[in-house]
Amino acid sequence: MKLLTMALACLLLAGMWLRDVDGRSMLVSSSNCCFKFADKKISQQQIQCYKHTSSTCSRRSLILKLKGGRETCVMQSAPWVKPHLKTMKPCPPK
């Protein structure tokens, strides 16, 4: 009986955690760190704004907010990113 109660409690906690995760984000975790990065160049017309990853992340990169509400991560050192940064605006702080 205790095992069943513990299993149900774990499922309940997992369900609450999953509800907090943003399902619309492609490559961005809820902690503002990136672990996967977009491989292909993203059209500047699709990018609304950008923000830097947290200073506590193992890899410093950019999170791009795209039209439609999605977010994706890119390496700041990617050759196509640098020219885009000159015309992109930073995302307003929440």
side-chain contact (heavy atoms from CB on, under 4.5 Å) between Leu64 and Tyr50, intermediate numbers included: CA-CA 4 Å; Leu64 302 180; Tyr50 73 93; 3.7 Å; yes

Residues that Arg60 engages under side-chain contact (heavy atoms from CB on, under 4.5 Å), provided they are two or more places apart: His52, Thr53, Ser55

Minimal non-hydrogen separation, Lys51 against Cys91, with atom names: N-SG, 4.4 Å

Distance-minimising heavy-atom pair for Ser61 and Val74: CB-O, 3.2 Å

From CA spacing to verdict: side-chain contact (heavy atoms from CB on, under 4.5 Å), Lys65, Cys49: CA-CA 5 Å; Lys65 184 172 182 181; Cys49 59; 3.8 Å; yes

Pairing residues for Ser43 by the side-chain hydrogen bond (donor to acceptor under 3.5 Å, both in side chains) criterion, not counting sequence neighbours: Gln45

Chi angles and distances behind the side-chain contact (heavy atoms from CB on, under 4.5 Å) call for Cys57, Asn32: CA-CA 8 Å; Cys57 300; Asn32 284 330; 5.6 Å; no

Pairs satisfying ring-ring contact (aromatic ring centres under 6.0 Å, His included), at least one member in residues 64-94, at least two apart: Trp80-His84

Rounded distance (nearest 0.5 Å) linking atom CE of Met75 with atom CG of Leu62: 9.0 Å

side-chain contact (heavy atoms from CB on, under 4.5 Å) between Arg59 and Phe35, worked out: CA-CA 8 Å; Arg59 288 184 167 174; Phe35 303 102; over 6 Å; no

